[in-house]
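First comes the structure, then the notes that go with it.
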Amino acid sequence: MNNTPSSDISALSAMASAFDAQRGKLPVAGNYRRLPGIVAVARQISELGELITDLGNEVFLRAAAQDHEVHTARVIAGFAAAARPAGEAASALGRGLTSSPS
């Protein structure tokens, strides 16, 4: 694995871009006019799940590497920090469907 500072910056940046793209697809909380259908929600949850899996893989590959660089711990923390808001987004998708008006 190439874990130079520049490759890690590129990987973090690519992951942030992927999450930003996903964020634009999420429904706005409290805006029932913009609630997606069940199929769209399932797709969004699946896409978030794939991103969370990618996050886990990035963390795992760096943590398991034998040749840790000085910056590796910060990079791992950067990837891991995205897991919480990603999980909250997936949870919000489920809440949005169960709390929509009848």
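Values in this document were obtained by computation on a predicted structure and should not be read as measured data.
The shortest side-chain heavy-atom distance between Arg62 and Asp8 falls under the 4.5 Å cut-off.
A search for side chain to side chain contact (heavy atoms under 4.5 Å, CB included) contacts involving Ile45 returns Val41, Leu93, not counting sequence neighbours. Checked against side-chain hydrogen bond (donor to acceptor under 3.5 Å, both in side chains), His68 has no partners two or more places apart in sequence or in another chain. Here Ser7 pairs with Thr4 under the side-chain hydrogen bond (donor to acceptor under 3.5 Å, both in side chains) rule; sequence neighbours left out. Qualifying side chain to side chain contact (heavy atoms under 4.5 Å, CB included) partners for Ala89, counting only residues two or more places apart in sequence or in other chains: Leu26, Leu48.
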Go through the steps to decide whether Phe19 and Leu55 satisfy the test side chain to side chain contact (heavy atoms under 4.5 Å, CB included), and finish with yes or no. CA-CA 11 Å; Phe19 274 105; Leu55 274 176; 3.7 Å; yes
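Rounded to the nearest 0.5 Å, atoms CD1 (Ile9) and NE2 (His71) are 8.0 Å apart.
Residues in residues 77-88 take part in these side-chain hydrogen bond (donor to acceptor under 3.5 Å, both in side chains) pairs, two or more places apart or across chains: Arg84-Glu88. Sequence neighbours left out, the pairs with a member in residues 11-22 that pass side-chain hydrogen bond (donor to acceptor under 3.5 Å, both in side chains) are Asp20-Arg23, Gln22-Glu47.
When all heavy atoms of Ala81 and Pro85 are compared, the closest pair comes out as O-CD, 3.2 Å. Looking at every heavy atom in both residues, Val59 comes nearest to Ile76 through CG1-CG2, 3.8 Å. Residues Leu51 and Ala18 approach most closely at CD2-CB, 3.5 Å, considering heavy atoms.
Not one N or O on the side chain of Ser46 forms a donor-acceptor pair closer than 3.5 Å with the backbone of Ala42. A donor-acceptor distance shorter than 3.5 angstrom exists from the side chain of Thr53 to the backbone of Gly49, with no hydrogens or angles considered.
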